[in-house]
Structure formats: structure tokens, C-alpha cells
Amino acid sequence: IQNPNTGEILSMSGKKVVEKNGKYKAYDNSEGAFLSTITPGSVVKGASIMVGYTTGAIDIGTYMVDSCIGLYNLPEKCSWKTLGYINDIDALAYSSNVYQYKIAMKVGGFNYSYGKELKIDEKAFDIYRNMFYRFGLGVKTGIDYPKEEDGYKSESRAGDLLINYAIGQYDTYTTLQLSQYISTIANGGTRYKTRFLKAVLDDNGKVLYKVKPTALNTLGVKQKYINRVRKGLKAVTTYGTGVGYMDSAPSPSGKTGTSESFIDLDNDGVIDAESITNNFVGYAPSNKPVMSISASFPDIQNPNTGKYKSYVNQIVVSKATKIFFSLYDKNGKNIKKN
């Protein structure tokens, strides 16, 4: 949880559960927020759709048909369900993959038709990465800690990888990078250096040194596009895939994300099974945010137990949000400053 207006970390927690001889033990893994990376999934679609706006691939209010796309020598690629004729807001609200695929193909200079071989201009990867970097995705957050990871960046540039990139299934990021990303959207377009330290006090509580927020960069896009993304993220928690995640917060916005992950199921050092990673990013209140939240839960589906997956992501985000806003009134004003 961060203050999106300053970059200050308000809360950070992490756990790692280890199974041995049929028993489970949880260890503290708070550093995992910036030392471990995950495949983000659809939480990054706010940045992806910004690529569409700024390249002219789409404009505000553009409608496209969400139905499975078919490309030569590739399996059909679909959203989680057929969403039909949707615009940019509903593409975010219902987390349309196909809407993002079609944007990415246009950015890559490819004119889609069913069964056609996908060939793209490889410069499209640079266009996406440069935009993602502005949000803090794929670059270090600047946290005041001796080390942090910035994620894995593949050098492969095939067309199917570009459309995967657009839905968060290519590069990897840390949970803290996801936090900086959503905070940049929350505050209207400024990426702030992430920090633990707020101030240094003497024994009597007198402030000796106060840390000022450090702006690393701005998005450098038209404000109307930022506002449009914010409207889409508000729709996510109002009627879309994020309903129930931040219901106790005043006027929340957010984005869900599910990605494929791979695990070492029998702890022999070899990756041998597929799993699912769930992520969520959000902020509240939508108009003047006082907090942003980012949560990542890798491997929430155990292949040994079939298709069942845990909803721990929604449970934890919901509880954390409720606790946070127990300190605030309905307008997001702090009523319990201690």
C-alpha cells in the first residue's frame, strides 16, 4: 500500500508458504515485493491501452468486436469469454484480451484478417516497452533499499509475443513496480520514487529531516487519455471483473489480472507444472486517492488438485482495504491520524 501522491510506502507484507512432509509453514517474505518477479497478466492493460491512444491505433470511444482471433499456424486466441461489440471502457472493465490483441497488431503495422500469417514491425516492442517504462513497469522504482529487481525482458520479437505482451504475458515485473504503475495512474500521471523513509526524528520527536517526494518522470501524454484510463479502471470495480475487491473503500478503481505461471511441484529443482498467478492493483477514492494497493499471489492453483484455484487475492485485498479505510471517512479524509 502506497501514498500515490508521494511514493511513500504505507504498508508492505509478504509470506512464502513451504510444504514439507505434508505440513505447511509460512515464512516472512516482505522483500519479495521488490526482489521477486511475477508475470503480471491483465493488470497492465491500463498501460497497454495507453499505447493504443498515443499511437492512433484507437481513440477514445473506439469500438471493436471481441471474438476469438485466428492466425496462421497459431491456436485461436480469445478473451475469457466472448464480449461482443465493446468500446475502450468496457475493454478494461471486462478485461478483454482481444481488444488488446487488435491494438497490438495495429501498432505492429499488421492488418488483421482471419487465418492470415501474423507479421509485425519489431519496433512495436520498443513502443510498448517505452510506454510501460514511463509507468514504472520494467524499470527500477528507486526504492531506498540496497537492491531491487527490475524484471525479465525477453529479446525474442515474434508477432505472437507482441500480442501476449499487450495482455501482460511476456515481461515480468515486481509487485512494487505494479504499485508504482497504479500510483502513477492514480495521481494523474507522475511517477514518484518509491521510499520507506518519511522523516528522521530526534529523541523528543522533533523533525530533523523530512524526505520530499521525488518525481522520476511524467507520462507525457494528453490528460484526456489519462482521464479515460482512470474512467476504465473505475468501471472495473463498479461493474467489471474487480467488483468485490475494494467494496469497503470510497469510490475505488482498480484492475484484476490472471497469468500463467510455472512451478517446481515436487521441489526437485525442475519446473514441472503449470499454475496460475493472480494480481490486483487499485486505488481510492477515485477522484482524490489517498492510497494505492498492489497484491500478487503466485501459484494459486495446484495442478494436483485439479482446476480449483484459491481466491486469496480478492480476500486479502478486500480485508486490507477495509482495515485501511477504517481510519478514514467516506470522503477519504483521515479521522484517526495516530
Do side-chain atoms of Asn217 reach the backbone of Arg134 as a donor and acceptor pair under 3.5 angstrom? yes

Using the six-membered ring wherever Trp is involved, compare the ring planes of Tyr165 and Tyr170 and label them parallel, tilted or perpendicular (cut-offs 30° and 60°). tilted

With sequence neighbours left out, write down each residue that passes side chain to side chain donor-acceptor pair (under 3.5 Å) with Lys77, or none if nothing qualifies. Asn164

Exercise: do Ser179 and Gln2 side chains pair donor with acceptor under 3.5 Å: yes

Does either side chain, that of Tyr85 or that of Asp90, offer a donor lying less than 3.5 Å from an acceptor on the other one? no

Under 3.5 Å, is there a donor-acceptor pair between the Thr39 and Ser259 side chains? no

Could you walk me through whether Met246 and Ile293 pass the side-chain contact (heavy atoms from CB on, under 4.5 Å) check? CA-CA 10 Å; Met246 298 181 72; Ile293 187 169; 4.1 Å; yes

Evaluation steps, side-chain contact (heavy atoms from CB on, under 4.5 Å), between Lys210 and Val200: CA-CA 6 Å; Lys210 189 174 182 179; Val200 178; over 6 Å; no

Say whether Ser248 and Thr321, considering side chains only, have a donor N or O and an acceptor N or O under 3.5 Å apart. no

Sub-3.5 Å donor-acceptor pair from the side chain of Ser183 to the main-chain atoms of Gln180, do we have one? no

Hey, are Asn279 and Lys255 close enough side-chain-wise for a donor-acceptor pair under 3.5 Å? no

If only atom types and distance count, is the side chain of Asn87 paired as donor or acceptor with the main-chain N or O of Ile89 below 3.5 Å? yes

Passing candidate, side chain to side chain contact (heavy atoms under 4.5 Å, CB included) with Tyr99, options Val65, Thr62, Ile167, Leu92: Thr62

Could you walk me through whether Asn111 and Met105 pass the side-chain contact (heavy atoms from CB on, under 4.5 Å) test, one step at a time? CA-CA 7 Å; Asn111 187 18; Met105 288 187 287; over 6 Å; no

Please answer: with hydrophobic residues joined when any side-chain heavy atoms are less than 4.5 Å apart, are Ile182 and Met12 in the same cluster? no

Test item: Tyr101 side-chain N/O and Asp160 main-chain N/O as donor-acceptor pair under 3.5 Å: no

Are the side chain of Asp247 and the backbone N or O of Ala249 linked by a donor-acceptor pair below 3.5 Å? no

Give a yes or no on this: more than 12 heavy atoms of other residues, nucleotides or ligands lie within 6.0 Å of atom OH of Tyr63. no

Which heavy atom of Phe125 sits nearest to which heavy atom of Ala158, and what is that distance? CZ-O, 3.4 Å

Decide yes or no on side-chain hydrogen bond (donor to acceptor under 3.5 Å, both in side chains) for Ser253 and Ser286, but give the supporting numbers first. CA-CA 6 Å; Ser253 295; Ser286 291; 2.6 Å; yes

Taking Ser79 for its side chain and Asn97 for its backbone only, find out whether a donor-acceptor pair lies under 3.5 Å. yes

Over all heavy atoms of both residues, which pair between Cys68 and Tyr114 is shortest? Give the atoms and the distance, please. O-CE1, 4.4 Å

Run the salt-bridge test on Asp150 and Lys153 with the 4.0 Å N-O cut-off and return the result as yes or no. yes

Under the ring pair (Phe, Tyr, Trp, His ring centres under 6.0 Å) rule, what do Phe297 and Phe280 come out as? Steps first, then yes or no, please. CA-CA 9 Å; Phe297 290 85; Phe280 180 83; over 10 Å; no

So CG of Asn313 and OG of Ser296: to nearest 0.5 Å the spacing works out to 7.5 Å

Looking at CD1 of Ile300 and CD1 of Ile276, how far apart are the two atoms once the value is rounded to the nearest 0.5 Å? 6.5 Å

Taking atom NZ of Lys119 as the centre, report whether more than 12 heavy atoms of other residues, nucleotides or ligands fall under 6.0 Å from it. no

Decide whether Ser48 and Lys45 meet the rule of one side-chain donor and one side-chain acceptor closer than 3.5 Å. no

Ignoring hydrogens, what is the shortest heavy-atom contact between Leu197 and Ala199? Give both atom names and the distance. CD1-O, 3.5 Å

Please assess Thr237 against Leu233 for the test side-chain contact (heavy atoms from CB on, under 4.5 Å), listing each intermediate value before the final yes or no. CA-CA 7 Å; Thr237 57; Leu233 299 185; over 6 Å; no

Spatial distance of atom CG (Leu74) from atom OH (Tyr72) [nearest 0.5 Å]: 10.0 Å

Do side-chain atoms of Arg228 reach the backbone of Ile60 as a donor and acceptor pair under 3.5 angstrom? no

With a sphere of 6.0 Å drawn around NZ of Lys116, does it hold more than 12 non-hydrogen atoms of other residues, nucleotides or ligands? yes

Does the separation of the ring centres of Tyr181 and Tyr173 fall below 6.0 angstrom? no

Is there a side-chain hydrogen bond (donor to acceptor under 3.5 Å, both in side chains) between Glu148 and Thr141? Walk through the geometry before answering. CA-CA 8 Å; Glu148 71 167 315; Thr141 67; 3.0 Å; yes

For Thr174 and Thr37, test the side chains for any donor-to-acceptor distance below 3.5 angstrom and give the result as yes or no. no

Sub-3.5 Å donor-acceptor pair from the side chain of Glu117 to the main-chain atoms of Leu71, do we have one? no

Rounded to the nearest 0.5 Å, how far apart are CD of Gln100 and CD1 of Ile49? 5.0 Å

Decide yes or no on side-chain hydrogen bond (donor to acceptor under 3.5 Å, both in side chains) for Thr190 and Thr218, but give the supporting numbers first. CA-CA 4 Å; Thr190 300; Thr218 61; over 6 Å; no

Going through the distances and angles, do Arg129 and Asp171 end up as a salt bridge (Lys or Arg N to Asp or Glu O under 4.0 Å)? CA-CA 9 Å; Arg129 280 207 174 112; Asp171 286 355; 2.8 Å; yes

For the atom pair OG (Ser30) and NZ (Lys15), what is the distance rounded to the nearest 0.5 Å? 7.0 Å

Can you tell me if Trp80 uses its side chain to pair, donor with acceptor, with the backbone of Ser96 under 3.5 Å? no

Side-chain (Asn3) to main-chain (Asn5) donor-acceptor, under 3.5 angstrom: yes

Any side-chain heavy-atom pair from Met131 and Ile127 closer than 4.5 angstrom? no

So, taking the atom named CG in Leu219 and the one named CD1 in Ile226, what distance separates them when rounded to the nearest 0.5 Å? 5.0 Å

Ile1-Phe196 co-clustered via ILVMFWY side chain contacts under 4.5 Å: no

Hey, are Asp144 and Lys193 close enough for a salt bridge, meaning a charged N less than 4.0 Å from a carboxylate O? no

Tell me the closest heavy-atom pair linking Gly257 and Val43, and the distance in Å. N-CG1, 3.6 Å

Partner set under side chain to side chain contact (heavy atoms under 4.5 Å, CB included) for Tyr152, not counting sequence neighbours: Ser154, Thr172

Looking at every heavy atom in both Val281 and Ser294, which two are closest together, and how far apart are they? CG1-OG, 3.8 Å

Work out which heavy atom in Gly138 is nearest to a heavy atom in Tyr133; give both atom names and the distance. O-CE2, 3.8 Å

Is it true that Lys231 and Asp88 make a salt bridge, defined as a side-chain N closer than 4.0 Å to a carboxylate O? no

